[in-house]
Amino acid sequence: METKELVQTEKTTQKIQLIKGEFTPSEASDVIIALIDEKINFHKIQRLQLWEGNHKYETNQLDGRINELREEKRIAKEFISNTRGLGRNLKINGILEITVAE
């Protein structure tokens, strides 16, 4: 009798289709701004938690990321604003890719 060894492979990448579809400029703006704002708030909470643990903690990295996200939000608003005059919808395809860190 022959036995075969089952090899279990670990999945190291996961993809989540977060957003997919066609949206009016107003809907697209609502979705994109809400996502960016949520990420900004996440970093603000992280910063506050670190500061509460150590008032001398340097938050430059988190501050920088918050500023980057604010700039991305400004760029997104500008892009969407420029498309409103075209009278067309916007397609959004947002895939969240998660991988195991090395």
- Message: Taking the side chain as everything from C-beta on, heavy atoms only, tell me whether I33 gets closer than 4.5 Å to I80.
- Response: no

- How long is the gap from OG1 on T59 to CD1 on I66, to the nearest 0.5 Å? 7.5 Å

- Can you tell me if CD on E52 sees more than 12 non-hydrogen neighbours from other groups inside 6.0 Å? yes

- Which distance, rounded to the nearest 0.5 Å, do you find between the CZ of R88 and the OG1 of T83? 10.0 Å

- Query: Are V31 and L18 co-members of a hydrophobic cluster defined by side-chain heavy atoms under 4.5 Å apart?
  - Reply: yes

- Please name all residues satisfying side-chain contact (heavy atoms from CB on, under 4.5 Å) with R65, sequence neighbours left out, ordered by chain then number. H43, E68, L69

- Using the rule that two of Ile, Leu, Val, Met, Phe, Trp, Tyr join whenever any of their side-chain heavy atoms come within less than 4.5 Å, decide whether F79 and I19 are in one cluster. yes

- Message: To the nearest 0.5 Å, what is the distance between CD1 on I32 and CD1 on I75?
- Response: 12.5 Å

- Item | Inter-residue atom distance I98.CD1 - T12.OG1, 0.5 Å rounding | 12.0 Å

- Could you pull out the closest heavy-atom pair between P25 and N89, with the gap in Å? CD-OD1, 4.3 Å

- Message: Could you measure the distance from the CG atom of L35 to the CD atom of E72? Nearest 0.5 Å is fine.
- Response: 13.0 Å

- Message: Counting only heavy atoms not in Q61 (residues, nucleotides, ligands), do more than 12 fall under 6.0 Å from its CD?
- Response: no

- Could you grab the distance from atom CG of N54 to atom CD of Q49, nearest 0.5 Å is fine? 14.0 Å

- Message: Using side-chain contact (heavy atoms from CB on, under 4.5 Å), reason through K44 and R47 one step at a time and then give a plain yes or no.
- Response: CA-CA 5 Å; K44 285 180 176 180; R47 183 177 63 187; 3.8 Å; yes

- Note on the structure: When every non-hydrogen atom of A28 is compared with those of L90, the smallest separation belongs to CB-CD1, 3.7 Å

- Query: Going hydrophobic residue to hydrophobic residue with side-chain gaps under 4.5 angstrom, can you get from I45 over to L62?
  - Reply: no

- Can you check side-chain contact (heavy atoms from CB on, under 4.5 Å) on R70 and R74, steps first, answer last? CA-CA 6 Å; R70 286 179 176 152; R74 184 195 66 74; over 6 Å; no

